[in-house]
Amino acid sequence: MNKPAAASYRQPMTEEEIQLLHQMAHIAPAKILLLAGFYGFFFWLAFHVHFTALLLLVGLVLFSLAYIVYTQFFPNNLLRQDIKNGQKIVVQGQVEEKSEAGHNDSYTLTILNHTFAVSEEDWQLFRKGQMVEIHFAPLSKHLFEVNPIN
């Protein structure tokens with residue numbers, strides 16, 4: 001029995017895929033700012049002193065600077081590098097392996113020696129040996145599409 005052809009190639013990202021990566025790139029800094037706000041509020045509650053407003057202002061300025069540095073100058077941000085490159089990888093091949101980690105509900109598919117974390121729905125949809133096509137960002141490994149090949 002002949003094994004179906006497998007392929008892996010680069011393709012430009014769509015505008016929607018780039019927008020999705022932009023949104024994801026801002027989630028971590030937003031969490032940092034949210035935590036900073038809670039920290040500042042509780043710091044103010046715990047140490048209510050005469051210079052409370054000044055301390056809160058200094059804290060907000062420091063965390064704002066951290067946010068700017070993280071989002072604009074952090075060199076190893078894989079999502080931002082994927083956005084800058086504007087290319088995605090398309091892998092077409094057989095599902096070589098399926099695995100499930102029950103303790104944290106993670107599901108993976110292995111295609112052409114690439115392992116991808118997928119949703120439980122996608123994991124159940126595909127069987128070992130089935131031909132699939134996966135679109136993903138090369139550095140961050142963010143999945144855009146997982147499709148069966150008939």
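Position 1 is the first residue of the sequence, and the numbers go up from there. Values below: all heavy atoms of this structure, side chains included; hydrogens, waters and symmetry mates excluded.
Checking Phe136, Trp123, Tyr107 one by one against Phe116, the side-chain contact (heavy atoms from CB on, under 4.5 Å) holds for a single residue, Phe136.
In terms of heavy-atom proximity, Ile89 sits nearest to Pro138 at CD1-CB, 3.6 Å. Here the closest heavy-atom approach between residue Glu17 and residue Met13 is recorded as OE1-CA, 3.3 Å. Residue Leu139 comes nearest to Gln81 through the heavy atom pair CD1-OE1, 3.3 Å, listed as atom of the first residue, atom of the second, then distance. Looking at every heavy atom in both residues, Val132 comes nearest to Ile149 through O-CD1, 3.4 Å. The two atoms that bring Leu21 and Ala137 nearest to each other are CD1-CB, 4.4 Å, heavy atoms only.
Between His135 and Gln11 there is a side-chain heavy-atom pair separated by less than 4.5 Å. Glu96 places a side-chain heavy atom less than 4.5 Å from the side chain of Asn113. Looking at Gln92 and Ser8, their side chains never come closer than 4.5 Å, going by heavy atoms from C-beta outward. Inter-residue side-chain proximity for Val146 and Phe126 is flagged as met; some heavy-atom pair is nearer than 4.5 Å. Counting heavy atoms from C-beta on, the side chains of Lys98 and Gln130 never come closer than 4.5 Å. Put simply, the side chain of Ile134 does not reach to within 4.5 Å of the side chain of His114, judged on heavy atoms.
In this structure, CG on Leu143 lies 11.5 Å from NZ on Lys88, to the nearest 0.5 angstrom. To the nearest 0.5 Å, atom CD of residue Glu133 and atom CD1 of residue Ile111 are 11.0 Å apart.
Taken together through direct or relayed side-chain contacts under 4.5 Å among Ile, Leu, Val, Met, Phe, Trp and Tyr, Leu125 and Val95 form part of one hydrophobic cluster.
Glu121 CD: 12 or fewer foreign heavy atoms inside a 6.0 Å radius.
Distance alone, capped at 3.5 Å, places no donor-acceptor pair between the Gln94 side chain and the Lys128 backbone.
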Report task. Report the C-alpha separation of Leu78 and Lys141 in whole Å, then their side-chain angles, then the decisive distance to 0.1 Å, and conclude whether the side-chain contact (heavy atoms from CB on, under 4.5 Å) test is met. Result -> CA-CA 9 Å; Leu78 298 178; Lys141 302 286 188 196; over 6 Å; no
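No side-chain donor from either of Gln23 and Gln19 sits under 3.5 Å from a side-chain acceptor of the other.
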